[in-house]
Amino acid sequence: MDFADVDRDELERLKLLYRPLTDAVRELVDATIRTEVDDDVIREAHTELTDVTATLRDAGLSGPFGTKVTGDGISIAWGNAAVGTRNAIAPPLTIEVDDDGRHHSTVTLGAAYEGPPGLVHGGVCALVLDHVLGMTGSADGRRLTGTLTLKYLRGTPLGTVHAEARTISVDGRKATVRGTLSDADGVTVEAEGLFITPASRN
Ligand SMILES: CCCCCCCCCCCCCC(=O)SCCNC(=O)CCNC(=O)[C@H](O)C(C)(C)COP(=O)(O)OP(=O)(O)OC[C@H]1O[C@@H](n2cnc3c(N)ncnc32)[C@H](O)[C@@H]1OP(=O)(O)O
(Lines give C-alpha, C1' and ligand atoms only; values in the text may rest on other atoms or scores of the structure.)
Protein backbone atom coordinates (compact mmCIF):
# COMPACT_ATOMS: atom_id res chain seq x y z
CA MET A 1 0.00 0.00 0.00
CA ASP A 2 1.27 3.48 -0.86
CA PHE A 3 0.59 5.62 2.20
CA ALA A 4 1.28 8.79 0.22
CA ASP A 5 -2.21 8.27 -1.25
CA VAL A 6 -3.81 7.98 2.22
CA ASP A 7 -5.62 11.06 3.55
CA ARG A 8 -7.06 11.59 7.06
CA ASP A 9 -10.41 9.93 6.30
CA GLU A 10 -8.76 6.90 4.77
CA LEU A 11 -6.36 6.71 7.73
CA GLU A 12 -9.32 6.61 10.14
CA ARG A 13 -10.98 3.92 8.01
CA LEU A 14 -7.80 1.83 8.10
CA LYS A 15 -7.47 2.23 11.89
CA LEU A 16 -11.08 1.04 12.33
CA LEU A 17 -10.28 -1.89 10.05
CA TYR A 18 -7.07 -3.03 11.75
CA ARG A 19 -7.71 -2.28 15.44
CA PRO A 20 -10.35 -5.01 15.91
CA LEU A 21 -8.04 -7.53 14.19
CA THR A 22 -5.14 -6.59 16.48
CA ASP A 23 -7.41 -6.71 19.54
CA ALA A 24 -8.62 -10.16 18.49
CA VAL A 25 -5.02 -11.39 18.23
CA ARG A 26 -4.30 -9.90 21.68
CA GLU A 27 -7.31 -11.81 23.05
CA LEU A 28 -5.99 -14.92 21.31
CA VAL A 29 -2.61 -14.57 23.04
CA ASP A 30 -4.34 -14.26 26.42
CA ALA A 31 -6.63 -17.21 25.67
CA THR A 32 -3.65 -19.32 24.53
CA ILE A 33 -1.92 -18.72 27.84
CA ARG A 34 -4.95 -19.37 30.03
CA THR A 35 -7.00 -21.98 28.17
CA GLU A 36 -7.73 -25.35 29.78
CA VAL A 37 -9.79 -26.88 26.95
CA ASP A 38 -9.29 -30.50 25.85
CA ASP A 39 -6.35 -31.62 23.67
CA ASP A 40 -8.48 -32.13 20.56
CA VAL A 41 -9.83 -28.59 20.83
CA ILE A 42 -6.25 -27.27 21.01
CA ARG A 43 -5.34 -29.23 17.85
CA GLU A 44 -8.46 -27.94 16.06
CA ALA A 45 -7.66 -24.35 17.07
CA HIS A 46 -4.09 -24.79 15.87
CA THR A 47 -5.29 -25.93 12.43
CA GLU A 48 -7.76 -23.06 12.12
CA LEU A 49 -5.19 -20.48 13.20
CA THR A 50 -2.63 -21.81 10.72
CA ASP A 51 -5.24 -21.30 7.99
CA VAL A 52 -5.97 -17.74 9.16
CA THR A 53 -2.25 -16.90 9.19
CA ALA A 54 -1.84 -18.27 5.66
CA THR A 55 -4.76 -16.10 4.51
CA LEU A 56 -3.17 -12.96 5.99
CA ARG A 57 0.14 -13.83 4.31
CA ASP A 58 -1.52 -13.90 0.86
CA ALA A 59 -0.26 -10.35 0.43
CA GLY A 60 2.17 -8.56 2.74
CA LEU A 61 5.30 -6.52 3.30
CA SER A 62 8.66 -8.23 2.78
CA GLY A 63 10.03 -6.69 6.03
CA PRO A 64 8.86 -4.81 9.13
CA PHE A 65 6.27 -2.04 8.91
CA GLY A 66 8.71 0.78 9.71
CA THR A 67 7.40 4.34 9.63
CA LYS A 68 5.11 5.43 6.81
CA VAL A 69 4.08 9.00 6.07
CA THR A 70 0.57 9.69 4.78
CA GLY A 71 -0.33 12.28 2.15
CA ASP A 72 -1.31 14.60 5.03
CA GLY A 73 2.16 14.25 6.56
CA ILE A 74 1.10 12.02 9.44
CA SER A 75 3.78 9.50 10.53
CA ILE A 76 2.50 6.08 11.47
CA ALA A 77 4.43 3.25 13.09
CA TRP A 78 1.85 0.49 13.18
CA GLY A 79 4.40 -2.20 13.96
CA ASN A 80 5.88 -0.39 16.98
CA ALA A 81 6.33 -2.73 19.98
CA ALA A 82 4.90 -0.19 22.44
CA VAL A 83 2.17 1.64 20.51
CA GLY A 84 1.70 -0.09 17.14
CA THR A 85 -1.92 -0.17 15.93
CA ARG A 86 -1.25 -3.45 14.12
CA ASN A 87 1.03 -5.00 16.73
CA ALA A 88 -0.78 -7.34 19.12
CA ILE A 89 2.39 -7.55 21.24
CA ALA A 90 2.10 -3.82 21.99
CA PRO A 91 0.09 -3.27 25.24
CA PRO A 92 -0.72 -0.74 23.44
CA LEU A 93 0.27 2.49 25.18
CA THR A 94 -1.71 5.68 24.72
CA ILE A 95 0.30 8.66 25.92
CA GLU A 96 -1.24 11.90 27.09
CA VAL A 97 0.62 15.17 27.49
CA ASP A 98 -0.17 17.84 30.08
CA ASP A 99 0.33 21.56 29.48
CA ASP A 100 3.43 21.45 31.70
CA GLY A 101 5.04 18.76 29.51
CA ARG A 102 4.36 15.81 31.81
CA HIS A 103 3.73 12.70 29.68
CA HIS A 104 1.64 9.91 31.17
CA SER A 105 -0.01 6.66 30.22
CA THR A 106 -2.31 4.23 32.02
CA VAL A 107 -2.44 0.73 30.60
CA THR A 108 -3.52 -2.75 31.62
CA LEU A 109 -0.81 -5.41 31.44
CA GLY A 110 -2.35 -8.89 31.52
CA ALA A 111 -1.08 -12.47 31.51
CA ALA A 112 0.98 -11.95 28.33
CA TYR A 113 3.34 -9.62 30.21
CA GLU A 114 4.11 -11.88 33.16
CA GLY A 115 7.63 -12.32 34.47
CA PRO A 116 7.79 -13.47 38.11
CA PRO A 117 4.45 -15.11 39.04
CA GLY A 118 1.70 -12.48 39.06
CA LEU A 119 4.17 -9.68 38.32
CA VAL A 120 5.05 -7.72 35.19
CA HIS A 121 8.26 -8.88 33.45
CA GLY A 122 11.12 -6.47 34.16
CA GLY A 123 11.78 -6.04 30.44
CA VAL A 124 8.16 -5.07 29.88
CA CYS A 125 8.45 -2.42 32.63
CA ALA A 126 11.51 -1.17 30.72
CA LEU A 127 9.58 -1.15 27.43
CA VAL A 128 6.79 0.96 28.91
CA LEU A 129 9.18 3.37 30.62
CA ASP A 130 11.52 3.63 27.62
CA HIS A 131 8.64 4.63 25.40
CA VAL A 132 7.02 7.09 27.80
CA LEU A 133 10.38 8.68 28.70
CA GLY A 134 11.42 8.62 25.01
CA MET A 135 8.28 10.47 23.93
CA THR A 136 8.84 12.97 26.72
CA GLY A 137 12.45 13.58 25.65
CA SER A 138 11.34 13.86 22.02
CA ALA A 139 8.80 16.59 22.62
CA ASP A 140 11.00 19.12 20.79
CA GLY A 141 12.35 16.71 18.16
CA ARG A 142 13.05 13.00 17.77
CA ARG A 143 15.59 11.53 20.19
CA LEU A 144 16.73 7.95 20.68
CA THR A 145 17.49 6.20 23.94
CA GLY A 146 21.19 6.57 24.75
CA THR A 147 21.04 5.30 28.33
CA LEU A 148 18.12 4.06 30.40
CA THR A 149 18.57 3.31 34.11
CA LEU A 150 15.85 1.61 36.09
CA LYS A 151 15.46 1.00 39.81
CA TYR A 152 12.97 -1.77 40.55
CA LEU A 153 11.65 -0.87 44.00
CA ARG A 154 9.23 -3.79 44.22
CA GLY A 155 7.41 -6.12 41.85
CA THR A 156 4.77 -4.55 39.63
CA PRO A 157 1.56 -6.59 39.90
CA LEU A 158 -0.13 -7.53 36.62
CA GLY A 159 -3.12 -5.30 36.03
CA THR A 160 -3.49 -1.57 35.55
CA VAL A 161 -0.25 0.40 35.75
CA HIS A 162 0.55 4.07 35.30
CA ALA A 163 3.70 5.51 33.76
CA GLU A 164 4.69 9.15 33.79
CA ALA A 165 7.73 11.22 32.93
CA ARG A 166 9.14 14.73 32.85
CA THR A 167 12.12 16.25 31.10
CA ILE A 168 14.65 17.36 33.71
CA SER A 169 17.09 19.13 31.39
CA VAL A 170 17.95 19.63 27.74
CA ASP A 171 21.54 20.17 26.65
CA GLY A 172 21.66 20.50 22.86
CA ARG A 173 21.02 17.07 21.38
CA LYS A 174 20.70 15.45 24.81
CA ALA A 175 17.63 15.39 27.05
CA THR A 176 17.57 13.92 30.55
CA VAL A 177 14.18 12.51 31.48
CA ARG A 178 12.92 10.98 34.72
CA GLY A 179 9.84 8.91 35.27
CA THR A 180 8.06 6.25 37.26
CA LEU A 181 5.90 3.20 36.87
CA SER A 182 3.22 2.80 39.53
CA ASP A 183 0.38 0.58 40.64
CA ALA A 184 -2.51 1.64 42.87
CA ASP A 185 -0.22 1.46 45.93
CA GLY A 186 2.49 3.73 44.54
CA VAL A 187 5.75 3.68 42.61
CA THR A 188 7.18 0.28 41.62
CA VAL A 189 9.96 1.36 39.24
CA GLU A 190 11.97 4.58 38.98
CA ALA A 191 13.60 5.47 35.66
CA GLU A 192 16.08 7.97 34.31
CA GLY A 193 17.12 8.18 30.70
CA LEU A 194 19.38 10.17 28.43
CA PHE A 195 17.76 10.65 25.05
CA ILE A 196 19.91 11.85 22.18
CA THR A 197 19.29 13.19 18.69
CA PRO A 198 21.75 11.24 16.52
CA ALA A 199 24.32 13.34 14.66
CA SER A 200 23.45 11.33 11.57
CA ARG A 201 19.89 10.09 11.05
CA ASN A 202 19.58 6.37 11.86
C1 LIG B 1 8.45 15.94 17.53
C2 LIG B 1 9.05 14.74 16.92
C3 LIG B 1 8.35 13.52 17.56
C4 LIG B 1 9.07 12.21 17.26
C5 LIG B 1 8.48 11.12 18.09
C6 LIG B 1 9.50 10.08 18.32
C7 LIG B 1 9.24 9.47 19.64
C8 LIG B 1 10.20 8.43 19.91
C9 LIG B 1 9.96 7.76 21.22
C10 LIG B 1 10.70 6.51 21.18
C11 LIG B 1 10.91 5.88 22.49
C12 LIG B 1 11.68 4.59 22.32
C13 LIG B 1 13.09 4.89 21.98
C14 LIG B 1 13.83 3.74 21.39
O15 LIG B 1 13.44 2.61 21.44
S16 LIG B 1 15.25 4.15 20.63
C17 LIG B 1 16.01 2.59 20.28
C18 LIG B 1 17.09 2.25 21.25
N19 LIG B 1 18.20 3.16 21.08
C20 LIG B 1 19.03 3.06 20.06
O21 LIG B 1 18.95 2.19 19.22
C22 LIG B 1 20.11 4.10 20.00
C23 LIG B 1 21.36 3.56 19.36
N24 LIG B 1 22.43 4.56 19.48
C25 LIG B 1 22.48 5.62 18.64
O26 LIG B 1 21.70 5.76 17.72
C27 LIG B 1 23.53 6.66 18.93
O28 LIG B 1 24.67 6.07 19.53
C29 LIG B 1 22.99 7.76 19.91
C30 LIG B 1 21.74 8.41 19.31
C31 LIG B 1 22.67 7.22 21.29
C32 LIG B 1 24.08 8.81 20.06
O33 LIG B 1 24.15 9.53 18.88
P34 LIG B 1 25.50 10.05 18.28
O35 LIG B 1 26.32 8.88 17.87
O36 LIG B 1 25.16 11.05 17.22
O37 LIG B 1 26.13 10.74 19.55
P38 LIG B 1 27.61 11.32 19.68
O39 LIG B 1 28.62 10.23 19.71
O40 LIG B 1 27.79 12.41 18.68
O41 LIG B 1 27.53 11.93 21.16
C42 LIG B 1 26.70 13.01 21.45
C43 LIG B 1 26.72 13.21 22.95
O44 LIG B 1 25.96 12.15 23.56
C45 LIG B 1 26.81 11.36 24.43
N46 LIG B 1 26.43 9.96 24.22
C47 LIG B 1 26.45 9.30 23.07
N48 LIG B 1 25.93 8.07 23.22
C49 LIG B 1 25.57 7.98 24.51
C50 LIG B 1 24.95 6.97 25.27
N51 LIG B 1 24.60 5.80 24.72
N52 LIG B 1 24.70 7.21 26.57
C53 LIG B 1 25.04 8.39 27.12
N54 LIG B 1 25.63 9.40 26.44
C55 LIG B 1 25.89 9.18 25.16
C56 LIG B 1 28.22 11.63 23.97
O57 LIG B 1 29.14 11.43 25.02
C58 LIG B 1 28.11 13.07 23.57
O59 LIG B 1 28.09 13.88 24.73
P60 LIG B 1 28.81 15.29 24.73
O61 LIG B 1 30.27 15.00 24.42
O62 LIG B 1 28.16 16.12 23.68
O63 LIG B 1 28.60 15.82 26.12
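Counting from 1, the numbers follow the sequence of the chain as shown. One-based numbering, in listed order, for ligands and for the atoms of each.
Between His131 and ligand 1, not a single N/O pair is under 3.5 Å apart. By the 3.5 Å distance cut-off applied to N or O atoms, Ala199 is counted among the residues near ligand 1. The distance criterion of under 3.5 Å between nitrogen or oxygen atoms is met by Thr145 with respect to ligand 1. Below 3.5 Å of separation, one finds an N or O of Gly146 facing an N or O of ligand 1. At least one N or O atom of Lys174, backbone or side chain, sits closer than 3.5 Å to an N or O atom of ligand 1.
If you take CG on Leu119 and CG on Leu109, they are separated by 12.0 Å, rounding to the nearest 0.5 Å.
Side-chain contact of Ser75 with Thr67: a donor-acceptor pair under 3.5 Å is absent, judged by distance alone. Side-chain atoms of Thr188 and Asp183 form no donor-acceptor pair, as typed in the model, at a separation below 3.5 Å. Using modelled atom types and a 3.5 Å distance limit, the side chains of Glu164 and His162 yield a donor-acceptor pair.
The contact set between ligand 1 and Gly134, taken as ligand atoms under 4.0 Å from a residue heavy atom, comprises 9 (C), 11 (C). Taking a cut-off of under 4.0 Å to the non-hydrogen atoms of Asp130, the atoms of ligand 1 that pass are 11 (C), 12 (C), 13 (C), 14 (C), 15 (O). Listed by number with element, the atoms of ligand 1 under 4.0 Å from a non-hydrogen atom of Ser138 are 1 (C), 2 (C), 3 (C), 7 (C), 8 (C).
Of the heavy atoms in Asp171, none comes closer than 4.0 Å to ligand 1. Of all the heavy atoms of Leu194, the ones lying under 4.0 Å from any atom of ligand 1 belong exclusively to the side chain.
Around CD1 of Ile89, the count of heavy atoms belonging to other residues, nucleotides or ligands within 6.0 Å does not exceed 12. In Arg102, the CZ atom is crowded: over 12 heavy atoms of neighbouring residues, nucleotides or ligands sit closer than 6.0 Å.
Atom 41 (O) of ligand 1 has its nearest heavy-atom neighbour, among Arg173, Arg142, Met135, in Arg173.
Between Met1 and Leu14, some side-chain heavy-atom pair lies under the 4.5 Å cut-off. Annotation: side chain of His131 is in contact with side chain of Ile95 (closest heavy-atom distance under 4.5 Å).
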